[in-house]
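All remarks here apply to the structure that follows.
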Amino acid sequence: MLKRAFFYTTRKKGKMLILLLTLFVISTFVLTGLSILAAADQSALSLRQSVGGSIKLERDMDNSQNWTYQQGIGGVLVDYTGTPITDADIEKVMSVKGIRDYNGIGFGSVFATDFSFIPGISFGQVRDYSALPSVSNSEYFNYFRRGAFKLVEGRHITPEDDHAVLISTALAERNGLKLGDTITVQCCYDAGGYPNVLLKIVGIYDVTMDDGQFNTTSTDKRNRLIIDHNAMQEIMVHDVIQYDNGVEFFVDDPRDIDKIAAQIQKLDLDWSCFKLTVDNTAYEAVASSLTAMQNMVTGLIIGIVIVSIGILALILNMWIKQRTHETGILLAIGVSKVKIVTQYILETLMIAVIAFGLSYFSSGAIAQRACNLLFSQAAETQPVLEIETPDDGTEYLDITGQYIPYDTSNMVAPDSIEVHVTVEQLLWVYLLGIVLCTAAVTLASLPVVKMKPKNILSKMS
């Protein structure tokens, strides 16, 4: 069987050359596609990990049963009476696979005791105050992540800090403050009786986005004091640390963010008081070109495989029909149908092995150019990113910055992808090619080998 296969391939040089060129072109296309797809996948993974995504566990503001309302001095006092988010809840969520870190966010409002806020529009004779968030890690705070704030001196707040604060450059200049200085604040809520709390300045940030001209003291972002949770606990006189503005959990791969959110939803948490908000906008904004190219290349590979099966089946079917007489003789002398089909498969695979090996070099030469062409076409079809800044009213609704869109100026998607053809990809081509050739030869041989030798030889004579 091996001898017959070898002698046929060496004797029918013209046919084998056509088969060699056909398999060479097909395998080159497939190997090029696989290498581009692998390079795009790697670039997408790196981009996803650098940009990240977050899932926010926060209080359900829409459930009125979790809130009480009563008339107070100057307006209606709104108090949350539902289940608070605690460290125990954070530990449960952090046990979910795929979450790498978190940032809890607290909330309070304070008077400036030994310094002064930047004054804004005033509505009556009231003492100036400003809202302030507490954070687990200020580097993960939305204002910094989305480019509204930029740290220019000192360091970020970390979970180990105790009574630390970040202030703006404008507030530092107004009060002659520098790193290492201390400021004193006091909660401004109507209940009164709150203590004076000393905070140490560990970092100074600059406000990089337009703050508008119509701010009250409390809405002016230059007055934001960003503190740690220990300081907030003393300012608000809480028994335990509370995360009034929720906790953001950051995932390893934003592509899995919906799956991770579904796993969190299954945890034993008080879902009558909590809700989840998934934020994947940064990755979606900068990865659109990569995603489009991945879809394009995947479609091309599928199309190439389908067309390849058709071309191979057509060529092999035509050649095997031309070998009907030979098949009849082999059947007549007692060669089994399985051996005949196996011989035809071996003949094809002898040529395929050479063609697939040559495609490794041709793919390496054209893969990078093909990738650059596909990527540029995919990038041209994507919309231009637009960065919007919310008005002061929207910003005032939530000081955590959740309405501030991502500043994608520092999160640029790659304008090119470096492609390398690997031995592993070549092995996949060999595996796919062997299966494809075997299936094509088998299908093409079936009509002939089903015929009886007598009928085949009588027709040929």
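Of the possible polar contacts, none joining the Ser134 side chain to the His229 backbone as a donor-acceptor pair under 3.5 Å is found. Distance alone, capped at 3.5 Å, is enough to place a donor-acceptor pair between the Asp89 side chain and the Thr86 backbone. In this structure, Ser138 contributes its side chain and Ile157 its backbone to a donor-acceptor pair below 3.5 Å. Side chain of Glu91 to main chain of Ala88: no donor-acceptor pair is present (N/O by atom type, distance under 3.5 Å, no hydrogens or angles). Side-chain N or O atoms of Arg59 include one that pairs as donor or acceptor with a backbone N or O of Asp244 at under 3.5 Å. Listed for the Asn137 side chain is no donor-acceptor partner under 3.5 Å among the backbone atoms of Thr158. Side-chain atoms of Asp60 never come within 3.5 Å of backbone atoms of Phe274 as a donor-acceptor pair (strictly under, hydrogens ignored). Tyr430 contributes a side-chain N or O that, together with a main-chain N or O of Gly357, makes up a donor-acceptor pair within less than 3.5 Å. Side chain of Asn175 to backbone of Ala172: no donor-acceptor contact under 3.5 angstrom is found. No donor-acceptor pair under 3.5 Å is formed between the side chain of Glu248 and the backbone N or O of Ile55.
The nearest pair of heavy atoms linking Asp228 to Ala164 is OD2-N, 2.5 Å. The minimum heavy-atom distance linking Ser109 with Tyr129 is given by the pair CB-CD1, 4.1 Å. Heavy atoms only, all atoms of each residue included: Ala261 and Val278 are closest at CB-CG2, 3.9 Å. Between Val421 and Tyr360, the closest heavy-atom pair is O-OH, 3.6 Å. For the pair Gly106 and Met232, the tightest heavy-atom approach, listed with the atom from each and the gap, is C-CE, 4.1 Å. Listed here is the closest heavy atom pair of Ser136 and Tyr243: OG-CE2, 4.4 Å.
A donor-acceptor contact under 3.5 angstrom links the side chains of Ser362 and Thr28, judged on distance only. Side chains of His420 and Ser35: no donor on one and acceptor on the other come within 3.5 Å. A side-chain donor-acceptor contact under 3.5 Å links Ser116 and Arg174. Inspection of the Asp206 and Thr169 side chains reveals an N or O donor paired with an N or O acceptor under 3.5 Å.
Using a 4.5 Å heavy-atom threshold, the side chains of Leu166 and Leu225 count as separate. Residues Ile235 and Ile227 have side chains in contact (heavy-atom distance under 4.5 Å, counting atoms from C-beta outward). Side-chain contact between Leu276 and Gln265: present, with at least one pair of heavy atoms (C-beta onward) separated by less than 4.5 Å. Side-chain contact between Cys187 and Val237 is absent, with no heavy atoms from C-beta onward closer than 4.5 Å. No side-chain heavy atom of Ile36 sits under 4.5 Å from any side-chain heavy atom of Leu34. Within the 4.5 Å cutoff, the side chain of Leu19 has heavy atoms near those of the Thr348 side chain. Using a 4.5 Å cut-off on side-chain heavy atoms (C-beta onward), Ile105 and Val247 make no contact. Looking only at side-chain heavy atoms (C-beta outward), Ile183 and Asp114 come within less than 4.5 Å of each other.
The distance from the NE2 atom of His163 to the CG atom of Asn230 is 7.0 Å, given to the nearest 0.5 Å. Once rounded to the nearest 0.5 Å, the distance linking CG of Leu426 with CZ of Phe361 reads 9.0 Å. Distance CG/Leu427 to CG/Leu31: 10.0 Å, rounded to 0.5 Å. Atoms SG and CG, from Cys437 and Leu432 in turn, are 9.0 Å apart once rounded to the nearest 0.5 Å. Here the CZ-CG distance, from Arg100 to Asp253, works out to 11.0 Å after rounding to the nearest 0.5 Å. Put simply, NZ on Lys200 and CG on Asp162 are 11.5 Å apart, with the number rounded to the nearest 0.5 Å.
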Note to self: Between Leu171 and Asn223, does the side-chain contact (heavy atoms from CB on, under 4.5 Å) criterion hold? Intermediate values first, please.
What the structure shows: CA-CA 7 Å; Leu171 198 63; Asn223 287 327; 3.6 Å; yes

Next item on the list: Take Glu58 and Thr277 through the test side-chain contact (heavy atoms from CB on, under 4.5 Å) and record every step on the way to the result.
Entry: CA-CA 8 Å; Glu58 54 189 333; Thr277 303; 2.5 Å; yes

Item checked: Step-by-step side-chain contact (heavy atoms from CB on, under 4.5 Å) determination, Val185 to Asn196 -> CA-CA 6 Å; Val185 297; Asn196 288 331; over 6 Å; no

Item checked: Ile99 and Ile264: CA distance, side-chain angles, deciding distance, side-chain contact (heavy atoms from CB on, under 4.5 Å) verdict -> CA-CA 10 Å; Ile99 298 178; Ile264 295 175; 3.9 Å; yes

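In this structure, the ring of His156 has its center less than 6.0 angstrom from the ring center of Phe144.
With sequence neighbours left out, Phe115 forms a ring-ring contact (aromatic ring centres under 6.0 Å, His included) with Phe117.
In this structure, Phe250 places its CZ atom where more than 12 heavy-atom neighbours from other residues, nucleotides or ligands lie under 6.0 Å away. Around NZ of Lys92, the count of heavy atoms belonging to other residues, nucleotides or ligands within 6.0 Å exceeds 12.
Between Phe149 and Tyr205, the ring planes lie parallel to each other; the angle is under 30°, not in the 30° to 60° tilted range. Between Tyr189 and Tyr194, the ring planes are perpendicular. Angles over 60° get that label, and only those under 30° would be called parallel.
A salt bridge links Asp161 and Arg155; the closest N-O separation between the charged side-chain nitrogens and carboxylate oxygens is under 4.0 Å.
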